[in-house]
Each structure stands twice: as C-alpha cells, then as structure tokens.
Number of protein chains: 2
Amino acid sequence: MASAETDKPNRSDKQDRRYHHGDLRHAILTAALDVITADGPAGLSLRDLARRAGVSHAAPAHHFRDRTGLLTAIAAEGFALLAAALNDASDLKDAGGRYVRFAREHPAHFQVMFAPGLLRADDLELTTARALATDALRTSVSGVHAEDFGIDSRLAGVAAWSLAHGFATLLLGHNLDGPVGDRDPEEVFRTLATTLFRTP
Amino acid sequence: MASAETDKPNRSDKQDRRYHHGDLRHAILTAALDVITADGPAGLSLRDLARRAGVSHAAPAHHFRDRTGLLTAIAAEGFALLAAALNDASDLKDAGGRYVRFAREHPAHFQVMFAPGLLRADDLELTTARALATDALRTSVSGVHAEDFGIDSRLAGVAAWSLAHGFATLLLGHNLDGPVGDRDPEEVFRTLATTLFRTP
DNA sequence: CTCGGAACTTGACACTGACTAGATTGCCTG
DNA sequence: CAGGCAATCTAGTCAGTGTCAAGTTCCGAG
C-alpha cells in the first residue's frame, strides 16, 4: 500500500509505473516473441501485450500501427538476423546448418517470416531485410558446382533451400521428433546435406 | 414484396431459406477452404462462414464445436486426401511429386495441416488420419536403398520429406516464383529429386 | 400420432483490433 | 533557465468475433 516515494503519482498500481515506459517498443517485441513461441501467431493480442508491459491498451499502436505492423516488424527483424547468421558461412552445408539453427533459436521469427498472410507485403523495412537475406542465401549456394549435378545453379539453390527449409519447418512442428530422436538436429541435417550434395 | 408461396414463413429474406440447411457441414467446409485459400487461416471467421451459408451466426458451432474444431476437421480431411494421393506411388520421386501436387491442389488443407497451433492436437479423427498419411509416406520411402547413401533409411525418409515439404511450402509462399518461372513446379521438383537421390 | 432428439435461431457476454481526442512528459531550442 | 513542441501514453468508443445458454423448428422412429 504505502508507496515509498510517489515521484509522480499518476498511477502506482504497478510498482514504478512512469508515464513513459522508456522502451516500450522493445518490451512489446520481446513479449510478442514469447507469446508466439508458446502459442503461435494466432494467440497474439495487442491488448495482452499492452497488459504485460503495464501500459494502456492503445499504446502499442503508436509503435506498430497495427497487429499486422507488429508482425511485419518481427518478420523484418527475423530476416535481418538470418542474413547475419548466414553471412560468413563456409560452404553449402554450413549455411544449411546455420539455417536450421536459426529456426531453432528464433522459432517465433521463423514462423512469422514465412506467414505471408500476416504481413504487410509492401513494407519497405521488410522487403529490404528479405532481399538481404536472399542475397546471403544466394552467395552461400554459389560455392556449389552446379554443373556437377547436371542442373543449373538456381535449381541447386532451390534444392538446398527446400531441404533446409523443409527440415526446419518439420522440426519446429515436431514432425521429426521420432526419426531425429535426441540427436542434435543441426548435426543430423549436416549429415543429410552432405550425403545428398556430395559430388558424384 | 409479394412472396410467391411462403411454404414456411420463418423468414424469407433469402430466397429459399429453410430452417434446415440440408448440408450445412459440407457448405461450411468448402466455404472455409475458399477463404483460407484466399486469405490464409487468419482471415477465417465462423460468423462470416455462417453468413455465406445464409445461416445464423451460431450454426457452425453445432457441426464443429469451435473455430479450432473446424480447422481440425479440415486438417484431418487433408491428411486423408494426402494418404490417398500417396497410396500407389511408384517410387520415391513419384511420391515427392505427388506431395508437391497435393500442396498445389489443396493449398488450404496443406497450410492448416502443418499449423499445429491452430489444431486440437488430441483429436481422434486427426491423429488417425495423420498416422495413415505417415504410413503412406513411409512405404513410399521404403523403396530407396538407403545403404547406398551411407545413412539409415529413417534419415533417408527425413531427407525426402524435408525436400518435398520445403519445396511445397516455399512454393505456396511464392518464394520460388523467380527460379521456377513458368515451368511446371511438379516437374521441377522431380528433376531436383532425381538429381539428389541418384545412387552414387 | 406423438414425441424425442437433431438442426438451427436468438440473445447475451466478454474479448479483440482499430480509431479518436486529449493528457502528460521529456527534450531541445533559444 | 524557461517554454514550447513532438513523442508518448491514456481513456473512451465502435464494430466485429467466439462462445455459451436457452429457445424454436423439423424429421423420423416408435
């Protein structure tokens, strides 16, 4: 009850609720990631995030226009993180391993990044971040000598991306719990990639 | 104004609105598939589906308990369709091709099937249908001589499933529009699968 | 014929996203 | 050291949604 020092007594039902949260944008982003990791993007509610941050229900809208805006920001951040993770990959299977690791370390980002229906497709920050990540992917693939496989290099890239993306997606959906068991998923993936992408 | 023959005048604001729709469950399912195909599962509203069927807002709940129930039913139907599509696949790359074709022909089902956060995981109909599809997948993979690749057959199955699933997912998300161009995606996939899964 | 249960309606409640106007704050300029 | 201004946050409102409980209509078995 006895509030020690009501520096500004606008409302102290939460311990130190100042008018300006300080870093609301960041607080909401991380809270959103928690919720998405637990319940998926469907369970996300701006009002709930506001409550968690101890802030009024309309406050989030000032940082992210809408729900779609919030998810778009998360996706953009995800693509930036992915690009960074892929940046200095040594070779193809290393890049794939990093892709899988990224999905495991940032499951919320990963889900949102590939849920186009939830995003504002024409958002500038999003499209540039995505382009950056795509570039990183492309350079990772450029090391593979596609002619060894009898297909052009773009198709080799599609194959590699499909393999990594499918593995990561199925993994996050707990569809590989049986086969992978308690081995390190990233290691399992490297084995697969090495086997499939060895030169004939 | 002059309603021709008010066979049962409960309400004739729609031409022939009878009290019993006749096949509401089916009508709602197909309408839901349309909506999901267009806007994704996020854009799905039970009330909207009810309106489309010309039925009161709470009617859908009688056939599918809730929104989750509806999506679960769609997922179960999807796994059954997938199992049927995979049933008489001749070999591995044929199965993969069928997997990709299934995703293209039933995009709504495919999306919902792999969105665990939206489904009732313990639903009986769903789990049995999924088991059926998993079996069909497993038998498709059993033809590959895994020892040729130096990995055990379960891992070969994981590799094949990952490749097909990743390709299908990226395709539906329009992430492969560039590389695939206007070629038949299914054919492109068969090329990839043949290349990666050839015996050394 | 009737009567029981299935199919659907009606009404209500709590919750959500979105929008608006206004209050508060802290910083930056002069 | 003011004082103003823009960013930040509050408060109130509206339409739309899922879900529940209680009615109404209809069909078909007995």
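Letters A, B, ... mirror the listed sequences (proteins, then strands); counts begin at 1.
- Put simply, CZ on B:Arg51 is 13 Å from C1' on D:dG18, counting in whole angstrom units.
- Atom CZ in B:Phe64 sits about 16 Å away from atom P in D:dC20, given to the nearest Å.
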Could you go through B:Leu155 and A:Val188, starting from their C-alpha distance and side-chain angles, then the distance that decides it, and tell me whether this counts as side chain to side chain contact (heavy atoms under 4.5 Å, CB included)? CA-CA 8 Å; B:Leu155 282 194; A:Val188 171; 3.8 Å; yes
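- Protein atom CG of B:Leu70 is 10 Å distant from nucleotide atom P of D:dT19, rounded to whole Å.
- In this structure, the nucleotide among D:dT19, C:dG17, D:dT10 sitting nearest to the side chain of A:Arg67 is C:dG17.
- The main-chain N or O of A:Val180 is found under 3.5 Å from a side-chain atom of A:Arg183 such that the two form a donor-acceptor pair.
- Between the CG atom of B:Leu71 and the P atom of D:dG18 there is a distance of 11 Å, given to the nearest Å.
- Comment: B:Arg120 does not engage B:Asp122 in a salt bridge, judged by the lack of any side-chain N to carboxylate O separation of less than 4.0 angstrom.
- Counting only residues at least two apart or in different chains, salt bridge (Lys or Arg N to Asp or Glu O under 4.0 Å) contacts with residues 129-142 of chain A comprise A:Asp135-A:Arg138.
- Between A:Asp48 and A:His62, the one whose closest nucleotide on DNA chain C sits nearer the 5' end is A:Asp48.
- Atoms CG (B:Asp66) and C1' (D:dT17) sit 13 Å apart, rounded to a whole Å.
- For the pair B:His57 NE2 and D:dG18 P, the computed distance is 10 Å after rounding to whole Å.
- Contacts of B:Ala58 with the nucleic acid, taken as non-hydrogen atoms under 4.0 Å apart, include base atoms.
- Rounded to a whole Å, the CG atom of B:Leu44 is 17 Å from the P atom of D:dG16.
- Between C:dT16 and B:Arg47, no contact under 4.0 Å exists linking OP1 or OP2 to a side-chain N or O.
- Using a 4.0 Å cut-off, some side-chain N or O of A:His63 falls inside it from OP1 or OP2 of D:dC9.
- Atom CG in B:Leu46 sits about 14 Å away from atom C1' in D:dC20, given to the nearest Å.
- The residue among B:Asp23 and A:Arg65 whose nearest nucleotide of DNA chain C lies closer to the 5′ end is B:Asp23.
- Using cut-offs of 30° and 60° on the angle between ring planes, the pair A:Phe110 and A:His165 is tilted.
- Nearest to the side-chain atoms of A:Leu24 among the listed nucleotides D:dC9, C:dC8, D:dG12 stands D:dC9.
- One finds a side-chain N or O of B:Ser45 lying less than 4.0 angstrom from the OP1 or OP2 phosphate oxygen of D:dT17.
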